[in-house]
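In what follows, a single structure is set out as structure tokens and then discussed.
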Amino acid sequence: MRTDLYQGHDYFNMNDLLTEEHKLIRDTARAWVKQEVSPIIEDAAENCKFPQHLLPGLGEIGAFGPYIPEEYGGAGLDQISYGLLMQELERCDSGLRSTASVQSSLVMYPIWKYGSEEQKQKYLPKLATGEWIGCFGLTEPDHGSNPGGMVTSYVEDGDDVILNGAKMWISNAPFAQVAVVWAKNEEGRIHGLIVERGMEGFSTPTMKGKWSLRASDTGELIFDNVRVPKANILPGKSGLGGPLGCLDSARFGIAWGAIGAALDCYDTALRYSTERHQFGKPIAGFQLQQKKLAEMITEITKAQLLTFRLGELRNEGRATSAQISMAKRNNVDMALNIAREARQMLGGMGIMNEYPIMRHMMNLESVITYEGTHDIHLLITGLDVTGVNAFK
Ligand code: TGC
Ligand code: FAD
């Protein structure tokens with residue numbers, strides 16, 4: 001593994017738009033990543049295992065629930081701070097960002113937004129430090145893009161409910177202590193339940209064989225007559241809007257995170273192009289290589305501007321779900337295209353784990369699929385601009 005020389009790229013002076021607090025958060029996260037994660041990330045990806053010893057450190061830099069109020073253990077930061085943290089984590093690896101964004105937006109967010117005061121007090125402080133890790137169970141084997149069709153369900157039994165069904169593709173499931181699970185009640189209405197490891201009939205088998213997001217653990221959630229106290233049902237929201245509201249927050253984090261992956265690929269290719277000589281000069285001196293680099297920084301800059309504005313809108317509570325979809329779709333696609341071009345710029349070295357590009361490229365194949373596929377987000381924009389639903 002080479003020394004991590006990444007310094008960031010800011011072609012349109014976006015730094016001027018950040019507060020001193022934003023810069024401190026970003027720089028602290030960057031320094032932590034360089035010291036603690038960069039030296040081990042290739043091994044983690046090779047071994048297909050999330051490095052769990054990083055969890056307390058992620059809590060310390062504020063990556064778990066950055067915008068959750070301090071009274072619940074969060075950092076009480078704004079949305080741009082959340083975005084910057086996700087950018088710095090995904091600059092290293094999408095799986096690292098996944099762990100933090102699932103914990104923040106898909107576990108802490110629904111407990112904070114839809115949970116009872118008792119639930120918030122019980123779970124949020126431990127999730128904020130990383131003492132407990134959570135996962136989010138929405139997708140099922142037969143219901144991915146169409147989560148409203150889910151079959152996981154529960155029936156009432158005294159003070160408890162009995163939960164049956166299965167979820168698939170669940171990030172962090174193999175080691176999470178708690179799972180926020182979306183299931184239908186006897187009337188067919190979707191509710192969120194907090195299921196805890198150790199409840200009888202609840203298991204979390206690991207999904208093996210991934211060529212992507214290898215430094216993140218993915219698993220199933222199996223519910224075989226699991227008895228869950230009614231006190232664990234999130235009382236504040238029912239219907240598909242519950243999980244989809246969480247996805248808005250997570251997709252926003254991904255829009256920022258993808259810029260991080262793109263920046264790392266660009267940074268690596270730029271440096272390599274000045275060091276690598278062919279035909280008697282650095283390859284940076286060939287027009288075809290300059291075209292790639294110029295287009296990369298142009299696309300990164302456009303994504304940075306889009307995402308910063310989205311952060312302002314979210315800070316004001318004005319960002320629409322469709323705007324978030326557009327940013328997630330654009331930025332992940334942008335990052336994946338840059339990873340592919342950057343890999344070519346490194347020639348044969350581009351496939352080696354001495355450089356991060358191939359790992360980013362493989363990771364981004366998951367990122368372009370989860371939290372709504374590339375095509376689903378296009379249809380969300382299509383619906384928004386035409387008023388006509390083309391999903392069904
Ligand atoms: P539809 O009829 O449009 O909506 C049902 C209800 O939900 C409301 N709603 C939203 N609410 C909040 N935020 C949003 N973004 C919302 N979108 C819709 C809507 O108003 C309605 O409310 P109500 O009160 O009228 O019932 O639903 P649909 O069944 O037609 O589906 C729409 C569609 C396809 C856009 C949606 O289901 C979708 O987004 N599908 C993609 C599924 C997805 O993104 N899954 C992600 C799983 S989690 C994950 O991937 C984590 S990866 C983690 C990591 O490692 O980083
Ligand atoms: P499908 O829905 O079967 O889609 C297959 C193809 O059909 C796609 O190209 C899709 O765009 C297309 N398609 C579907 N419907 C339409 C339509 N109406 N019009 C046009 N095209 C359509 N889920 C969770 O709940 N929690 C997690 O933590 C989580 N983590 C994940 C981690 C990883 C590594 C991965 C890969 C996935 C994860 N997911 C998670 C699941 C993820 O959200 C789903 O994979 C995703 O929503 C797509 O569902 P699917 O894979 O079933 O594909």
Side-chain angles (χ1 to χ4, degrees), residues 48 50 86 89-90 93-107 109-110 113-114 133-150 152 165-174 176 179-183 188-190 192 204 206-221 237-258 319-326 328-329 332 362-384 389-392:
C48 214
F50 176 76
M86 297 305 110
L89 297 180
E90 195 149 2
D93 191 84
S94 301
L96 184 66
R97 191 270 306 139
S98 243
T99 297
S101 60
V102 167
Q103 180 91 337
S104 300
S105 290
L106 298 182
V107 180
Y109 179 89
K113 280 285 172 188
Y114 316 142
I133 289 297
C135 65
F136 176 86
L138 180 63
T139 306
E140 298 186 351
D142 293 329
H143 301 94
S145 297
N146 175 28
M150 70 174 67
T152 298
K167 302 286 177 179
M168 190 178 177
W169 293 114
I170 308 305
S171 299
N172 300 347
V180 171
V181 177
W182 301 92
R189 188 87 181 148
I190 294 171
T204 61
T206 300
M207 291 178 66
K208 298 206 170 117
K210 285 183 300 168
W211 284 115
S212 171
L213 223 72
R214 288 172 62 86
S216 162
D217 292 359
T218 313
E220 298 171 62
L221 303 176
K237 183 89 181 170
S238 70
L240 189 56
L244 292 180
C246 307
L247 293 182
D248 274 359
S249 180
R251 290 166 177 172
F252 170 77
I254 291 176
W256 282 83
T320 66
S321 299
Q323 287 170 333
I324 295 167
S325 275
M326 182 186 282
K328 189 270 183 183
R329 180 175 187 273
V332 178
M362 294 193 299
N363 283 342
L364 289 162
E365 292 290 349
S366 283
V367 183
I368 205 164
T369 293
Y370 66 35
E371 303 267 6
T373 67
H374 191 61
D375 285 344
I376 288 293
H377 287 295
L378 176 129
L379 294 176
I380 291 173
T381 306
L383 169 60
D384 197 47
N389 187 330
F391 289 109
K392 346 186 182 190

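Order of listing sets the numbers, starting from 1, for every ligand and every atom in it.
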Atom [atom1] in [X], atom [atom2] in [Y]: separation rounded to 0.5 Å?
| X | Y | atom1 | atom2 | answer |
| --- | --- | --- | --- | --- |
| I368 | K328 | CD1 | NZ | 7.0 Å |
| L213 | S94 | CG | OG | 6.0 Å |
| D217 | T206 | CG | OG1 | 6.5 Å |

- Could you name each residue pair satisfying side chain to side chain donor-acceptor pair (under 3.5 Å) that touches residues 141-150, not counting sequence neighbours? none
Just distances here: any N/O of [X] and N/O of ligand 2 closer than 3.5 Å?
| X | answer |
| --- | --- |
| L213 | no |
| K210 | no |
| I170 | no |

Select one of side chain, backbone, both or neither to describe which atoms of [X] lie under 4.0 Å from any atom of ligand 2, heavy atoms only.
| X | value |
| --- | --- |
| H374 | neither |
| L138 | both |
| T139 | both |
| V102 | neither |

[atom]: the protein heavy-atom neighbour that sits closest, reported with distance to 0.1 Å:
| atom | value |
| --- | --- |
| atom 13 (N) of ligand 2 | S145 OG, 4.4 Å |
| atom 20 (C) of ligand 2 | L379 CD1, 3.9 Å |
| atom 22 (C) of ligand 2 | I376 CD1, 4.5 Å |
| atom 46 (C) of ligand 2 | T369 O, 3.5 Å |
| atom 11 (O) of ligand 2 | T373 OG1, 2.7 Å |
| atom 26 (N) of ligand 2 | F136 O, 2.9 Å |
| atom 9 (O) of ligand 2 | D375 OD2, 4.5 Å |

- Task: Check ligand 2 against Y370 and write out every atom of the ligand that is under 4.0 Å from a heavy-atom position of the residue.
- Result: 31 (C), 32 (C), 33 (C), 35 (C), 37 (C), 38 (C), 42 (C), 43 (O)
- Note on the structure: ligand 2 atoms nearer than 4.0 angstrom to some heavy atom of E371 are 43 (O)
Between [X] and [Y], what is the shortest heavy-atom contact and its length?
| X | Y | value |
| --- | --- | --- |
| V102 | G134 | CG1-O, 3.9 Å |
| I190 | G148 | CD1-CA, 4.4 Å |
| G242 | Y114 | O-OH, 2.8 Å |
| F391 | L379 | CE2-CB, 3.5 Å |
| I254 | E90 | O-OE1, 4.5 Å |
| S249 | S105 | OG-OG, 2.8 Å |

Any protein N/O atoms within less than 3.5 Å of an N/O atom in ligand 1? List the atom names and distances, or say none.
{"from": "ligand 1", "atom 1": "7 (O)", "to": "G241", "atom 2": "N", "distance (Å)": "3.4"}
{"from": "ligand 1", "atom 1": "13 (N)", "to": "L244", "atom 2": "O", "distance (Å)": "3.4"}
{"from": "ligand 1", "atom 1": "13 (N)", "to": "D248", "atom 2": "OD2", "distance (Å)": "3.3"}
{"from": "ligand 1", "atom 1": "15 (N)", "to": "D248", "atom 2": "OD1", "distance (Å)": "2.9"}
{"from": "ligand 1", "atom 1": "15 (N)", "to": "S321", "atom 2": "OG", "distance (Å)": "3.1"}
{"from": "ligand 1", "atom 1": "30 (O)", "to": "K392", "atom 2": "NZ", "distance (Å)": "3.0"}
{"from": "ligand 1", "atom 1": "39 (O)", "to": "R251", "atom 2": "NH2", "distance (Å)": "3.0"}
{"from": "ligand 1", "atom 1": "40 (N)", "to": "S145", "atom 2": "O", "distance (Å)": "2.9"}
{"from": "ligand 1", "atom 1": "44 (O)", "to": "R251", "atom 2": "NH2", "distance (Å)": "2.7"}
{"from": "ligand 1", "atom 1": "44 (O)", "to": "G372", "atom 2": "N", "distance (Å)": "2.8"}
{"from": "ligand 1", "atom 1": "50 (O)", "to": "E371", "atom 2": "N", "distance (Å)": "2.9"}
{"from": "ligand 1", "atom 1": "55 (O)", "to": "S98", "atom 2": "OG", "distance (Å)": "2.4"}
{"from": "ligand 1", "atom 1": "55 (O)", "to": "S171", "atom 2": "OG", "distance (Å)": "2.8"}
{"from": "ligand 1", "atom 1": "56 (O)", "to": "R97", "atom 2": "NH1", "distance (Å)": "3.2"}
{"from": "ligand 1", "atom 1": "56 (O)", "to": "S98", "atom 2": "OG", "distance (Å)": "3.0"}
{"from": "ligand 1", "atom 1": "56 (O)", "to": "Y370", "atom 2": "OH", "distance (Å)": "3.3"}

- Mind jotting down which residue pairs meet the salt bridge (Lys or Arg N to Asp or Glu O under 4.0 Å) criterion with at least one end in residues 246-256? Sequence neighbours excluded, please. none
Ignoring hydrogens, tell whether any protein atom lies closer than 4.0 Å to [atom]; use the non-hydrogen atoms only.
| atom | value |
| --- | --- |
| atom 41 (C) of ligand 2 | yes |
| atom 30 (N) of ligand 2 | yes |
| atom 6 (C) of ligand 2 | no |

Residue selection (non-hydrogen contact nearest [atom]) among [options]:
| atom | options | result |
| --- | --- | --- |
| atom 35 (C) of ligand 2 | W182, F391, W169 | W169 |
| atom 28 (O) of ligand 2 | S366, A179, P141, S171 | S171 |
| atom 50 (P) of ligand 2 | A250, A390, G144 | G144 |

- Item | pair Q323-D384: side-chain heavy atoms closer than 4.5 Å | no
- Message: Do F136 and L247 have side chains that approach each other closer than 4.5 Å (heavy atoms only, starting at C-beta)?
- Response: yes
- Would you say the side-chain atoms of K210 pair up with the backbone N or O of S216, donor to acceptor, closer than 3.5 Å? yes
- Message: I'd like to know whether CE of M326 has more than 12 heavy-atom contacts from other residues, nucleotides or ligands below 6.0 angstrom.
- Response: no
- Task: Quick one: list whatever passes ring-ring contact (aromatic ring centres under 6.0 Å, His included) with Y109, sequence neighbours left out.
- Result: none
- Do S98 and Y370 get their side chains close enough for a donor-acceptor pair, meaning under 3.5 Å? yes
